[in-house]
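Computation of the quantities below employed the complete heavy-atom set of this structure, encompassing side-chain atoms and omitting hydrogens, waters and symmetry-equivalent molecules. Per chain, numbering begins at 1; letters A, B, ... match sequence-line order.
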Amino acid sequence: MAIDLDVNGKVYKADVDLESPLLWVLRDELKLVGTKFGCGVGQCSACTVHLNGVPVPSCQLPVAATQGQKITTIEGLAAGNVLTAVQRAWIDHDVAQCGYCQAGQIMSATALLQQFPQPTDAQIDEFMSRNLCRCGTYTRIRAAIKSAAGTAIATRGVNQ
Amino acid sequence: MKDAVHSEAEVRDLIDGFTRSLSGPDPSEAAGQLSRRCFIKFAAGAGGGLFFGIGSPTVTQAQPATTAAPAFVPGAYVRIAPDGKITLYAKNPEIGQGVKTAFGLILAEELDANWSDVNIEQSPIDASVYGVQMAGGSLSIPTNWMVLRQAGAGARAMLVAAAATRWGVPPSEITTNESMLLHSASNRRAGYGALASEAAALPVPDLQTLKLKERKAFKLLGKRHKGVDGLKIVTGQPLFGIDVQLPEMLVAVFQKCPAIYGKVGSANLDAVRRLPGVKDAFIVEGTGKPTEVSNGVAIVAKNTWSAISARRKLEVIWDESGASRDSWKGFSTQARELGKKLEGAQIVQAIGNVDEALATGRQVESFYTYGFVGHAQLEPQTSTAWYKKESSGDSIEIWAASQTPTNARNLLATVFGIPAGRVTIHQQRLGGGFGRRLVNDNVIEAAQISKQAGGLPVKLVSLREDDMAHDFFRPAGFMAFKGSLNDRGRIAAWNSHLVHFKSEGGAAVTAANWQANEFPALNVPRYRASQTLMPLRVPTGSWRAPGANTAGWVVQSFMHELSTAAKRDHVEFLLEVTGARHAGNTGTPPGRPVHVPERATAVIRAAAERSGWGKNSLPQGRALGIAFHFSHQGHFAEVAEVSVDAKKKITVHKVWVVGDIGPIVDLSSAENQCQGCVIDAISTMSLEITMENGRIEQKNFDQYPLGRMPITPVVDVHFLDTDYPPTGVGEPAFPPVAPAICNAVFTLTGQRIRTLPITREGYSI
């Protein structure tokens, strides 16, 4: 079925099965592979995108439900070459190990900071607990979120 | 060393070969003309410039990727273009352990390159040029440290020689810094690019004459750097195996029998072939080996969703006559019985008369159990294969995220009966390895499916359920300990009987074997380790710090039981046991390396000091636990501070990690590995894989709950930064974590955890 999708401010035309999860339409049809597949059952959040600014697991979202909605993926965060504060913090804190979960982490963190601009430790843990990181970079994700929020950690490199 | 300058024609051939190898057909084919044995370097095309490699492939056209005795032949690592652009080639797979960045740092350090100008690329897979390329065993740094330093230093030496010639001055008067050559006496300078072509024309220095930097002169190494793929990761650019896209590519899924070794009896293939988007559906017979190709049904479709969707309508009647019937309940019942004997069926090590000493003194007995665990790397295995049937001979092109691409190439050649020279592997970044992707089953299966689909490019996607069901698991084990202490509270005898698993051939399954010199074999007066093996058909494999990830837990927990029985401070007890070999046990024992006493005691002391062991008073309801383990050449001691609530939920507040791995390459990455090991260990303490009737019971993450952000303690990482040769850090920080936590729980509550997962004893994280 031919549909229009509004992704990162651009309208894409795609011919899809309406029941297909948005995840696979993004990856296979639109060739936007930044959104990742980890579990397919909404447990890992590697597939997180924003639907009208709200973080959702795209593996659980039939593409039919996204018509007329604004979809934002990891590829759409940066404005041209200008990274967001969250993306910059991720690089500054050398967060990634394998990197596979990080697009989803960044999408969740971006939404967290939109909802709680100065999040407490408890708010960060609770909001971000949807995202799995198998490599265990949670320490650095916490630090990057705090930097992006402007409440930077006092010491760098130890006890973060 | 004889002059190694090539003729113009040779230079052209070399460039063409190398350039082709980066994007197209197999490099060893293209390099077939080479026969030199020394340094090679060649200009890059009409524009000039310097390619730098060490050694030379001694390869003929049809050479298999592993020669009979593969003398390690380092290949091309450094490319300097006339415009000054420096490209460094990282030869080992990047799985999150940071070697792509680390290898670049080592090259750049000795080259004296400006790090911000350097571009790191993944090298081609070619054993004749790079030797074995793999990510495992925490071996990347120790194996390649000197090779990379020589490559960087050699390129630098040639640039210096070129500048000396151009300026008419002795090379000794020229210094380098940040990709610049400088003759300070005459105040002349030039960028590396400007001298690259001239350097390429000069004789090559003898590797042995190269002067490598002293540690105190390091500008890059030992500092915190940022991973070189960071920008790509945060902007979602294609990097991973699953991100590969080819024109006309199809997507396949592969349904295997839930019970390993089961086969397809019949399937509704005709109905599946008619489903939307499906190109084909067929039975794959398999080679009979899960490490190669299993039996099952492949569905090949135009895109991933069509394949997944069709698979939901696939109906298979399985023939399980030859399938596994492994049962966790059966294993644990049988193991408990077998473990009642002090001595198992096979003696692994026996030093002194253990039985005599066990009958005297203060005796302590304990039975520990650890379950199977899965790898659960977050990127499900995905390989893209293109099996090409050509009249001149079949060839295979593979885009894979493998931990062992050299092995993958050889295995493809063997399984498909084609020369390795006709197999090309394009190495992708791995979304996690942890040992799973040491096995190349997904790669071989992708090639087989491509072949059966008629020689079309096919991406084989695993679903999470596939990865969970068809893993090569960390094997379970059941350890019966008995020890005795003399009247001074010292270990008089140590007896261990490990019940674990054997494969059909009778040998212990992969990653399960107890080492003959496993600590504390060499550090106590009387020691016996034995094992009894139960048959297992579910495949096992290396899992982060294989062997050590469980040996560390059982040994360091029982060690604490002994010090507790002796009423001695545990740090003091550990220092005593690790600090000296027992009188008779000098020399180099067979088996894996053992710890160096002074390095062990140094990390234990540092961990104790940094955590305030025995000094600082802790808040009410908290306790410390300490453990030490040596694995993968790294000495690590760790202290955990824990509390436990009324529902037996364990909170790990802080972990101090102290490691001695020699000099650090990238401090940020090394710290990240240790933080990651701590979180991984806490997570894994509460996880298990079980099987009944040969079927894995945990299907997805809802049934295998990996740890999430709230479990994360504060992690204090400290490296002793010694002058020993550098060793790896992907694994050795893992083993001490669980025992440190369990020892702390005991100190706090008087309850000893003897089961992993701890959930079986009512605990949670």
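- Most heavy-atom pairs under 4.5 Å with chain A, from the set B:N303, B:V234, B:D229, B:I679: that is B:V234.
- Side-chain atoms of A:N131 come within 3.5 Å of backbone atoms of A:G104 as a donor-acceptor pair (strictly under, hydrogens ignored).
- The local environment of NZ in B:K699 is crowded, with over 12 non-hydrogen atoms from other residues, nucleotides or ligands closer than 6.0 Å.
- In this structure, the portions of B:F701 lying under 4.5 Å from any heavy atom of chain A include both its backbone and its side chain.
- Interface remark: A:I91 contributes backbone and side-chain atoms alike to the contact with chain B (heavy atom separation under 4.5 Å).
- Taking all atoms of both residues into account, the shortest heavy-atom contact from B:P710 to A:S129 is CD-CB, 3.8 Å.
- Within the 4.5 Å cutoff, the side chain of A:R142 has heavy atoms near those of the A:D125 side chain.
- Of the residues considered (B:T235, B:T712, B:N672), B:N672 shows the highest number of contacts with chain A, using heavy-atom pairs under 4.5 Å.
- When side chains are defined from C-beta on, B:V737 does not count as touching B:M685, because their heavy atoms never get closer than 4.5 Å.
- At a threshold of 4.5 Å between non-hydrogen side-chain atoms, the residues A:Y100 and A:C133 do not count as touching.
- Contact residues of residues 15-37 of chain A toward chain B are A:D17, A:E19, A:S20, A:P21, A:W24, A:R27, A:D28, A:E29, A:K31, A:V33, A:G34, A:K36, A:F37 (heavy-atom distance under 4.5 Å).
- Looking at B:T684, there are no atoms closer than 4.5 Å to chain A (heavy atoms on both sides), in backbone or side chain.
- Residue contact with chain B, scored on non-hydrogen atoms closer than 4.5 Å, involves the backbone and the side chain of A:A96 alike.
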Given the rule in the salt bridge (Lys or Arg N to Asp or Glu O under 4.0 Å) test, do B:R311 and B:D466 qualify, once you have shown the distances and angles that lead to the verdict? CA-CA 12 Å; B:R311 183 172 167 176; B:D466 296 327; 2.5 Å; yes

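- For chain A, the nearby parts of B:Q673 are the backbone and the side chain; heavy atoms of each come within less than 4.5 Å.
- Heavy-atom pairs under 4.5 Å with chain A peak, among B:L706, B:L667, B:L430, B:I242, at B:I242.
- The side chain to side chain contact (heavy atoms under 4.5 Å, CB included) test with B:I95 singles out one residue from B:R437, B:Q403, B:E379, B:R429, and that residue is B:Q403.
- Around the CD atom of A:E126, the shell of radius 6.0 Å holds no more than 12 heavy atoms that belong to other residues, nucleotides or ligands.
- When the options B:H375, B:Q698, B:Q381, B:Q377 are evaluated for a side chain to side chain donor-acceptor pair (under 3.5 Å) with B:D471, the one that passes is B:H375.
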